[in-house]
Amino acid sequence: MSILEMYDKALDMHRTYYQYEKIEGAYRKQMERIPETAFREAIANAFVHRYWDVQSFIRISMFDDRIEIAFRAGLSEKEYLDGQVSILRNPIVGNLFFRLRYIERFGTGIKRINKTYKTSKRKPVYRVYENSIYRELPAIENDVPSLKMNDGL
């Protein structure tokens, strides 16, 4: 499967389990348990920064109250969180995602994710290890329908 198909499938899963409609009066309103903007940025960021020269995967685990994304990468915590990556790990993937408008600019993904949670009580969690990166996107509302699953995917 191509990385573009993987990206699209991840977004489809997000839309299936983390978006719903709420009727307010005579109107339907699109609601999000976890902001699609944050999820899209997190997934695109994982594709652009993960190791492609070793056998590894981007792990996406979906739960009622959060989505966890983990992948192998060789960035320091400061480089990753501050967007100060001087050399793009995967320039071909990065350029492709930029030209397809999946990412806006290099080094702004974390800032965009944090911006979507600016007014939320729960904030994203980032953990940067020597060889991998973990991030957690929390649900932004408590009074929402439960997922139709009871474990990570």
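Scope of the values below: all heavy atoms of this structure, side chains included, with no hydrogens, waters or symmetry mates.
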Those residues that, when tested against K22, pass side-chain contact (heavy atoms from CB on, under 4.5 Å) (two or more places apart): Y20, E24, M31
Passes side-chain contact (heavy atoms from CB on, under 4.5 Å), I67 versus Y18? Steps please. CA-CA 10 Å; I67 295 177; Y18 294 95; 3.6 Å; yes
Any cation-pi pair here, R66 with F63, using under 6.0 Å and within 45°? yes
Could you walk me through whether M62 and E68 pass the side-chain contact (heavy atoms from CB on, under 4.5 Å) test, one step at a time? CA-CA 7 Å; M62 296 180 158; E68 298 174 356; over 6 Å; no
Partners meeting salt bridge (Lys or Arg N to Asp or Glu O under 4.0 Å) with R28 (sequence neighbours left out): E21
Between V48 and F98, is the side-chain contact (heavy atoms from CB on, under 4.5 Å) condition met? List the steps. CA-CA 10 Å; V48 170; F98 176 75; over 6 Å; no
Please test R33 against D64 for side-chain contact (heavy atoms from CB on, under 4.5 Å), starting from the C-alpha separation and ending with a verdict. CA-CA 9 Å; R33 297 171 52 82; D64 259 356; 4.0 Å; yes
Close side-chain approach of I113 and K111, heavy atoms under 4.5 Å: no
Would you mind reporting whether R50 and R72 have side-chain heavy atoms less than 4.5 Å apart? no
For S2, enumerate each residue passing the side-chain contact (heavy atoms from CB on, under 4.5 Å) test, keeping only those at least two apart in sequence or located in another chain. L4, E5
Minimal heavy-atom distance between I103 and G94, with the atoms involved, is CD1-O, 3.6 Å
Minimum heavy-atom separation for D65 and R122, please, with both atom names. O-NH1, 3.1 Å
Pairwise distance CD1(I60) to CE(M13) - rounded to 0.5 angstrom: 9.0 Å
Heavy-atom check, side chain of L11 versus side chain of Y7, under 4.5 Å: yes
Mind listing the side-chain donor-acceptor pairs of residues 34-44 below 3.5 Å, one per line with the distance, residues two or more places apart or on another chain?
from: E36; atom 1: OE1; to: R15; atom 2: NE; distance (Å): 3.4
from: E36; atom 1: OE1; to: Q19; atom 2: NE2; distance (Å): 2.5
from: E36; atom 1: OE2; to: R15; atom 2: NE; distance (Å): 3.2
from: E36; atom 1: OE2; to: R15; atom 2: NH2; distance (Å): 2.6
from: R40; atom 1: NH1; to: Y102; atom 2: O; distance (Å): 3.0

For the rings on F47 and F71, is their centre-to-centre separation under 6.0 Å? no
Give, for atom NE2 of H49 and atom CD1 of I133, the distance between the pair rounded to the nearest 0.5 Å. 7.5 Å
When you compare the side chains of D12 and Y17, does any donor N or O come within less than 3.5 Å of an acceptor on the partner? no
Hphob cluster co-occupancy, M1 + I3, side-chain heavy atoms under 4.5 angstrom: yes
May I ask whether M6 and F57 are part of the same hydrophobic cluster, defined by side-chain heavy atoms of I, L, V, M, F, W, Y residues being less than 4.5 angstrom apart, directly or through others? no
Do any N or O atoms from the side chain of K123 and from the backbone of K118 form a donor-acceptor pair under 3.5 angstrom? yes
